[in-house]
There are 2 protein chains.
Amino acid sequence: MARRVDHSPDELKKMILDAAEALVVTGGLSELSARKIAQKIGYAPGTLYNVYANIDALILTLNGRTLERLYDNLSRLPMNEIKDLGAVNENIEKLLVGYLAFIDDNRNLWRLLFDHVPASDETLPEWYDQKVSMLLNIVDEALRPILPGITSEEQREISATLWSSLHGIISLADKKKLGVVISQSSHKVCSLLITTFLNGLKDHEGFSGNIPKTIGGKSDD
Amino acid sequence: MARRVDHSPDELKKMILDAAEALVVTGGLSELSARKIAQKIGYAPGTLYNVYANIDALILTLNGRTLERLYDNLSRLPMNEIKDLGAVNENIEKLLVGYLAFIDDNRNLWRLLFDHVPASDETLPEWYDQKVSMLLNIVDEALRPILPGITSEEQREISATLWSSLHGIISLADKKKLGVVISQSSHKVCSLLITTFLNGLKDHEGFSGNIPKTIGGKSDD
DNA sequence: CTTGAATTCTGAACAGTGTTCATTATTGTA
DNA sequence: TACAATAATGAACACTGTTCAGAATTCAAG
């Protein structure tokens with residue numbers, strides 16, 4: 001029953017990805033299987049393996065698309081132009097709210113980003129790291145105004161620190177592994193982290209907050 | 001081939017857990033299976049289900065034991081007695097180093113804590129949350145000296161924030177999902193977070209960088 | 001048109017998974 | 001010694017990812 005003409009390889013690739021996504025959206029990772037995808041698109045299971053090396057590769061591709069969507073979401077958020085410490089805090093907060101909204105709208109896809117542990121523990125492909133990097137660029141940009149005097153490597157380090165911290169809070173809250181512990185919503189806890197972290201950057205080398213009327217006491221060493 | 005006398009139910013329970021642990025230690029979650037456990041202890045697969053409801057329950061029990069071990073490790077660490085901001089920073093750093101060492105020595109068991117996503121997304125049992133809570137108590141205690149004027153709920157919130165932030169950095173680094181992004185070791189990034197976070201607490205209500213002679217309730221809201 | 005190579009797709013098969021449960025083997029008790 | 005209670009079995013069920021010989025279809029050349 002070959003029907004090469006029905007769908008081009010690229011079409012087929014997209015069909016598979018869409019079917020996989022639909023399954024994940026509906027029932028999470030546990031609902032995803034080669035046979036279910038095949039059944040959904042009207043092909044035999046073996047066909048998937050002409051297009052994707054294995055299910056891990058398929059999931060990685062799907063995760064890439066999710067990262068892209070997240071990027072689109074966050075990069076479209078309106079930001080404060082004025083960029084003193086308070087405004088930067090607000091901007092980061094906006095990114096957080098956007099992120100949390102994205103998670104709310106795409107919970108199972110978002111979970112797939114972290115829940116799925118690929119069999120081979122090799123490093124991720126370059127194109128995947130690229131997409132993560134793009135996301136961090138957004139954080140970089142939001143933070144830059146208060147850290148004019150540091151290298152881009154330091155900058156990236158600080159962004160990554162903040163971002164992965166927020167990830168830690170959100171993901172533990174999602175897994176309910178801090179269930180009893182955090183009565184507050186993860187949003188509130190994240191906000192606490194952001195404020196505290198940014199406040200803590202005050203004494204960092206290269207910091208410049210244009211501190212208007214924030215809380216006083218800037219020490220310098 | 002029943003041999004009720006060979007091993008008491010409790011013995012059996014421990015044998016299963018030990019076998020499961022050995023499998024995870026050797027080859028990670030993917031090496032764990034009911035049949036392999038059974039084979040390792042010389043029983044049939046069905047026997048496991050007389051003792052554990054299912055594999056998820058078994059893993060949860062195993063994770064509980066891992067949390068206990070981590071607690072034992074961290075609670076035994078020598079801490080600074082002097083408790084100004086610098087000393088507290090050092091103490092948290094010591095906890096971090098202890099944690100990272102534990103991960104290094106028990107990588108696959110530690111991964112199991114977070115990698116395994118139970119089928120049912122019900123909340124975790126109370127005894128599990130308890131163990132997590134015990135761990136956070138350690139962080140609480142380390143932080144308390146600089147935050148004499150806050151409620152224990154706020155205290156716990158701040159500890160959880162810091163701890164889950166560190167978790168986020170470490171776990172993302174472990175998953176290599178920040179591979180290219182963070183060239184630095186996760187230790188250095190965590191240290192940056194700790195220092196910045198503690199520094200950021202300075203302006204927090206109830207903060208006191210000095211040694212509190214008497215813990216006075218000076219919260220004013 | 002016809003032939004034949006190239007491509008596309010199939011689906012049975014393999015080795016594995018968690019889990020169940022009727023049977024069987026062993027034990028403690030009467 | 002007989003019998004109920006318990007403990008353990010292991011085949012069976014419904015899954016999983018993955019492979020690959022062979023069938024179906026398309027395309028190009030003669």
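Order of the sequence lines sets the chain letters (A, B, ...), proteins ahead of strands, with each chain counted from 1.
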Would you classify [X] as touching base, sugar-phosphate or nothing, given that sugar-phosphate means primed atoms plus P, OP1 and OP2, and contacts are heavy atoms under 4.0 Å?
| X | result |
| --- | --- |
| L12(B) | sugar-phosphate |
| L32(A) | sugar-phosphate |
| N54(A) | sugar-phosphate |

What is the distance, rounded to the nearest whole Å, between atom [atom1] of [X] and atom [atom2] of [N]?
| X | N | atom1 | atom2 | answer |
| --- | --- | --- | --- | --- |
| K36(B) | dG16(C) | NZ | C1' | 9 Å |
| D10(A) | dT8(C) | CG | C1' | 15 Å |
| N50(B) | dT19(C) | CG | C1' | 12 Å |
| H7(A) | dT7(C) | NE2 | P | 20 Å |
| L29(A) | dT17(C) | CG | P | 18 Å |
| I41(B) | dG10(D) | CD1 | P | 13 Å |
| E11(B) | dA7(D) | CD | P | 13 Å |
| Y49(B) | dC13(D) | OH | C1' | 13 Å |

Are the side chains of N80(B) and K94(B) in touch, meaning some heavy atoms are under 4.5 Å apart?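 Yes - at least one pair of side-chain heavy atoms lies under 4.5 Å apart.
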Using side-chain heavy atoms (C-beta onward) and a distance below 4.5 Å, is E31(A) in contact with T26(A)? no
The answer to which of T47(A) and A34(A) contacts DNA chain D further toward the 5' end, by nearest nucleotide, is A34(A)
On DNA chain D, more 5' by nearest nucleotide between I55(A) and L48(B) is L48(B)
State, to 0.1 Å, how close W163(A) and V139(A) come at their nearest heavy-atom pair, and which atoms those are. CE3-CG2, 3.6 Å
From C-beta outward on P45(A), which listed nucleotide comes closest to its side chain: dT10(C), dG11(C), dT19(C)? dG11(C)
Look at the side chain of S33(B) and decide which nucleotide, out of dT9(D), dC9(C), dT17(C), has an atom nearest to it.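 So the nucleotide nearest the side chain must be dT17(C).
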D18(B) with K40(B): basic N within carboxylate O range, under 4.0 Å: no
Can you list the residues that meet the side chain to side chain contact (heavy atoms under 4.5 Å, CB included) rule with S152(B), with sequence neighbours excluded? none
Would you say the side chain of R35(B) and the base of dG18(C) hold a donor-acceptor pair, judged only by whether the two atoms sit under 3.5 Å apart? yes
